[in-house]
Amino acid sequence: MLKPQLHQSQSTQTLFLHKPFIHGSRRSTSLPIWSRPSLLKKHRNVRVGLIPSNTKAVSISNSSSDSSSTPTTTTKTTSTTTMTTTPTTIQTTPTTPTTPTTTTTTTIVTTEVVTEKFISVKATITVTLTVGGFLSHLGLKRGLDDITDMLGQSLLLELVSAELDPKTGLEKVKVAGFAHRSRRKEGEIMYETDFKVPVHFGEVGAVLVENEHHKEMFLKDIVLDGLPYGSVHLSCNSWVHSKYDNPEKRVFFTNKSYLPSQTPNGLVRLREEELVTLRGNGQGERKFFERIYDYDVYNDLGEPDKNLRLDRPVLGGIEFPYPRRCRTGRPQCEADSLSEKRSNKWYVPRDEAFSEVKQLTFSAKTVYSVMHALVPSLETAMADNDRGFAYFSAIDSLFSVGINLPPFKEQGILKTLLPRLVNVVASGDDVLRFVPPETMNRDKFFWFRDEEFARQTLAGLNPYSLKLVTEWPLKSELDPEIYGPPESAITKEIIEQEIRGFPTVQEAIREKKLFILDYHDLFLPYVSKIRNIEGTTLYGSRTLFFLTREGTLRPLAIELTRPPMDGKPQWKQVFQPSWNATGVWLWRLAKAHVLAHDSGYHQLVSHWLRTHCVTEPYIIATNRQLSVLHPIYRLLHPHFRYTMEINALARESLINAGGIIESSFSPGKYSLEMSAVAYGKEWRFDQEALPADLIRRGMAVEDPTAPHGLKLTIEDYPFANDGLLMWDAIKQWVTDYVHHYYPDSSVVQTDGELQAWWTEIKTVGHADKKDEPWWPELNTREDLIGIITTMVWVTSGHHAAVNFGQYVYAGYFPNRPTIARTNMPTEDPSPEFWKNFLKKPEVALLQCFPSQIQATRIMAVLDILSNHSPDEEYIGEKMEAAWAEEPVIKAAFERFKGRLLVIEGIIDDRNANSELKNRNGAGVVPYELLKPFSQPGVTGMGVPYSISI
């Protein structure tokens, strides 16, 4: 087959031939005519196409004048036309071949006039300078790429018409040209090329791009100027592989969005083929430059080939249901065929990778570096890994004096990784000195107060766990034969002594005054397993709170339970705020255990599982089933940015066997297994919407007369108050967007891509929940609005609420210890242990807290994870190019942005209101986690579009 134009030409000459002379193909193509002089100067192209059958052949103008002003014409004649060309023969008469001479004579018989005019179109391509791309490397390939640039053959572009040929019903001939490097500006290289586009080419619907370099390049955008209907913008923001890695050209569509049924006929094939490419074939190990999206189970957390103690169960399947991750195709481990080998390079589809600003400032890559640079330094500085803090003043010294770090082989590397924390002293040594979090700055003893302990369940780092008590007595659902009597030790007599103004527990429950943190049934089955791990312990726990007349919570009781184990019966005990010294210290120790439970649940369930983990299948399905032309793809795209890479890096350094989570949180090696149990028991898509979550926990009831359609059980609930503002703004934006593209529900039902997308999420991405009856249907516009709003909320508001306050609330670790290392003094104490507790109770609390290495490691990581990158994209701040293309969507986005700015002001006003005691008061940190916008750094505010850290 003859191929489309492969070489740039300043003058296009077109020869239309009858279809037998292109081997029976009905497609148009172009035929370059070369001579020795043309190799030195320029190429002239003869365009071969199909014309009506009554036309035998056409003459070719040999003029080299600008074809935009000089059309190619043929005159109706029966005579012989002579064309002087290069010594290349084009046979136009099948019966009598032509003998090559200096002058090529072609017999042409025409029956009608054929005229084609051209317009000049200029393409400007912007390529972003990158550390790892084609502009960075040295060596032979760099030299070859420089030559390619000098020859003006850096990028091959082919313009694709959005229309089929009206005469043939086939795709129109693509217009091709090489782009040459034209200029450089800060951080970018500009390439340009000129096209001669036939006037009847129609609208440009896509551009095919081939990277002629030996290394990938990051293509920012393409702008086409000179078209009769105005400039055309293609926002690419994509890595384009080298043709030497993959010969397939990349396709970039224009910014205009189309439902499948509305796709211009000239783009239908490309739309379908691009989705096939992105799905891959499910075979082989993925290469770094690929953009293939596929599913796999979590079978890469362990490393049994290195050490069998690092073997971990597969998450995803009957035993441990779990969302799916992106498939990498790495080989199986030798020691465990169900596990996948780990490697230094973790595949994610190429366009899911971090921007380099994010890479070079912080991110999980920094966490990885901290693991491999800071942690060994800390272990050297702290000879005993199990050593705790001897005094509270030693904890305070982390913020004032710091830790002297041993010399590192790469001078200054730690200062680069952690500029906020690592200081270089006069001697030239590195000192790790932590910045006091805002909570500590406002009140050094904030963590000691019971009212702050209670307040943070509503306005702290984990506002997703508190539930309304609706039944009494409290009772476990676990098997009593295994775990002991199910009845709680918190009796009505204990509670009725504390609930002032209410004579009975039942009355307090009717008035919705009792609330609970319940980590009993989830944790209790793991107590005996975790207690076999050296340096940690666990209980099942329940913590009860009472809602006061001021609208604040007061802790009433903590119950800690150990199941029957090691030949001992079940042990359980209730601890209460006390007015005697021993009771006070036991209460403080019980709080430390509950806070360790809450920290683990927060990190493993509220944070990792309910945002990072469940979102990855949404991203995979979106790229596999929704074309980039699809309006829903373009609505969701900013909310999925960087999530797959942060998840891959979490599997590499945070949640892996022996990683930061396992080594610093109470569940230890069972951490991710417990998150799988929580997924199986608790996670439901329909309850991930904020209103549904509040109703599920008894924290709100539906009320059409109330703001947001909900009446909150606790009126001053900062997370819910601000979250509902954000939820409503998101839902209105999604509603405006969906209504524009889907005028009625029948369009939703007949959208094949959309229906395939939702089906794949339910049955493949969350395959272990595929038969659950609670999955929403997707039949109406309202169904679609609810599904999209939930996804957008989870990736933006939900994640921001549980992530960016980590250093603020847990940077001073006694406020939220991640691990409890010792049992309660009252659980089977030896006489010596009890004696020491009575003599020095402070020591017992310090021994229960994390060790020095655990605490400092977590504090450093939380500082990184609480950080906003300089290139952070906050929700509603920046309009996507595809949204700006459509005036109705552009106006809707501007309204959305305006609502978010109003929300900022409302939150500021609430924080200044002294009547709202859960967010205002002496030493109280204002609740700002759901303020939409922020400056870079650790700010405790800002809601990014996506889960990017």
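Fair warning: this is a prediction, and the values are worked out from it, not measured in the lab.
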Derivation of the salt bridge (charged side-chain N to carboxylate O under 4.0 Å, His left out) call for Asp722 and Arg910: CA-CA 9 Å; Asp722 297 354; Arg910 287 173 172 174; 2.8 Å; yes
Audit row: Asp396, Lys444, salt bridge (charged side-chain N to carboxylate O under 4.0 Å, His left out) steps and yes/no: CA-CA 10 Å; Asp396 295 340; Lys444 184 177 179 180; 3.5 Å; yes
ring-ring contact (aromatic ring centres under 6.0 Å, His included) assessment of Phe445 paired with Phe392: CA-CA 11 Å; Phe445 302 105; Phe392 277 95; 9.4 Å; no
Trace of the side chain to side chain contact (heavy atoms under 4.5 Å, CB included) decision for Tyr670 with Ile533: CA-CA 10 Å; Tyr670 299 102; Ile533 302 173; 4.0 Å; yes
Derivation of the salt bridge (charged side-chain N to carboxylate O under 4.0 Å, His left out) call for Arg696 and Asp693: CA-CA 5 Å; Arg696 173 183 65 86; Asp693 172 80; 2.9 Å; yes
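If you check the side chains of Glu452 and Gln456, you find a donor sitting under 3.5 Å from an acceptor. Looking at Glu827 and Tyr539, their side chains do bring a donor and an acceptor atom within 3.5 Å of each other. Between the side chains of His798 and Thr611, not a single donor N or O lies within less than 3.5 Å of an accepting N or O. Between Tyr526 and Glu673, the side chains place a donor N or O and an acceptor N or O closer than 3.5 Å (distance only, hydrogens not considered). With no hydrogens or angles considered, a side-chain donor-acceptor pair links Gln806 and Gln603 at under 3.5 Å. No hydrogens or angles considered: nothing links the side chains of Arg821 and Thr536 as a donor-acceptor pair under 3.5 Å. Under 3.5 Å, the side chains of Gln854 and Ser851 contain a donor-acceptor pair of N or O atoms. With hydrogens and angles left out, the side-chain atoms of Asn580 and Ser578 include a donor and acceptor closer than 3.5 Å. In the model, Thr939 has a side-chain atom that pairs as donor or acceptor with a side-chain atom of Ser934 under 3.5 Å.
Considering only heavy atoms from C-beta on, Trp571 comes within 4.5 Å of Thr826 through its side chain. Proximity of Met941 to Ile907: side-chain heavy atoms (C-beta onward) are nowhere separated by under 4.5 Å. The shortest distance between side-chain heavy atoms of Leu690 and Phe719 falls below 4.5 Å.
Residues Tyr927 and Arg919 share a closest heavy-atom pair of O-NH2, 3.2 Å. Considering every non-hydrogen atom in both Gly797 and Val943, the closest pair reads N-CG1, 3.8 Å. Considering every non-hydrogen atom in both Leu560 and Ser541, the closest pair reads CD2-CB, 3.8 Å. In terms of heavy-atom proximity, Glu702 sits nearest to Leu710 at CA-CD2, 3.9 Å. Of all the heavy atoms in Leu712 and Ala700, the pair that sits closest is CD2-CB, 3.9 Å. Between Leu538 and Val527, the shortest heavy-atom contact is O-CG1, 3.3 Å.
Of the possible donor and acceptor atoms, one in the side chain of Ser666 sits under 3.5 Å from a partner among the backbone N and O of Ala820. Judged by distance alone, the side chain of Thr789 and the main-chain N or O of Gly786 form no donor-acceptor pair under 3.5 Å. Side chain of Gln570 to backbone of Tyr483: a donor-acceptor contact under 3.5 angstrom is found. Asn911 contributes no side-chain N or O that, together with a main-chain N or O of Asn920, makes up a donor-acceptor pair within less than 3.5 Å. In this structure, the side chain of Asn462 does not engage the main chain of Ser599 through any donor-acceptor pair within 3.5 Å. In terms of modelled atom types and a separation under 3.5 Å, the side chain of Asn815 and the main chain of Tyr809 share a donor-acceptor contact. Here the side chain of Trp727 pairs no donor or acceptor atom with the backbone of Ala689 at under 3.5 angstrom. Of the possible polar contacts, none joining the His708 side chain to the Pro691 backbone as a donor-acceptor pair under 3.5 Å is found. Within the 3.5 Å criterion, the main-chain N or O of His612 finds no donor-acceptor partner in the side chain of Thr615.
Annotation: Lys839, atom NZ; neighbour count of heavy atoms from other residues, nucleotides and ligands within 6.0 Å does not exceed 12.
Leu468 pairs in a side chain to side chain contact (heavy atoms under 4.5 Å, CB included) with only one of the listed residues (Ile714, Ile516, Thr713, Ile509), which is Thr713. Among the candidates Phe545, Phe448, Phe446, the single residue satisfying the ring-ring contact (aromatic ring centres under 6.0 Å, His included) test with Phe453 is Phe545.
In this structure, Asp828 pairs ionically with Arg562, as a charged nitrogen and a carboxylate oxygen lie closer than 4.0 Å. Between Asp566 and Arg531, no side-chain nitrogen of the basic residue sits less than 4.0 Å from a carboxylate oxygen of the acidic one, so the salt-bridge criterion is not met. Using a 4.0 Å cut-off between charged nitrogen and carboxylate oxygen, Glu507 and Lys513 do not count as a salt-bridge pair. Ion pair Asp450/Lys591 flagged as a salt bridge, since at least one NZ, NE, NH1 or NH2 atom sits closer than 4.0 Å to an Asp/Glu carboxylate oxygen. A salt bridge links Glu688 to Arg610: one of the charged nitrogens lies within less than 4.0 Å of a carboxylate oxygen. Ion pair Arg449/Glu451 flagged as a salt bridge, since at least one NZ, NE, NH1 or NH2 atom sits closer than 4.0 Å to an Asp/Glu carboxylate oxygen.
Checked against the 6.0 Å centroid threshold, His602 and Tyr464 do not count as a close aromatic pair. Side-chain rings of Phe389 and Phe813 approach one another, their centers coming within less than 6.0 Å.
Between Trp774 and Trp683, the angle of the ring planes goes over 60°, which puts this pair in the perpendicular group of the 30/60° scheme. Classification of the Tyr322-Tyr679 ring pair by plane angle, with boundaries at 30° and 60°, yields perpendicular. Note: Phe849 and Trp447 have perpendicular aromatic rings, judged against thresholds of 30 and 60 degrees for the angle between ring planes. Note: Phe502 and Phe546 have perpendicular aromatic rings, judged against thresholds of 30 and 60 degrees for the angle between ring planes.
Separation of atoms CG (Asp716) and OG1 (Thr552) is listed at 9.0 Å; rounding is to 0.5 Å. To the nearest 0.5 angstrom, Arg442 atom CZ is 5.0 Å from Glu438 atom CD. To the nearest 0.5 Å, atom NZ of residue Lys840 and atom CG of residue Leu846 are 9.5 Å apart. To the nearest 0.5 Å, the span separating CZ on Phe804 from CG on Leu461 amounts to 12.0 Å. Lys467 contributes atom NZ, which lies 8.5 Å from atom CZ of Arg697 (distance to the nearest 0.5 angstrom). The CG atom of Leu517 sits 5.5 Å away from atom CG of Asp598, with the distance rounded to the nearest 0.5 Å.
Applying the side chain to side chain donor-acceptor pair (under 3.5 Å) test to Asp521 and every residue at least two apart in sequence or in another chain returns Ser476. Listed by chain and residue number, Phe523, Tyr601 satisfy the ring pair (Phe, Tyr, Trp, His ring centres under 6.0 Å) test with Tyr519 (two or more places apart in sequence, or in another chain).
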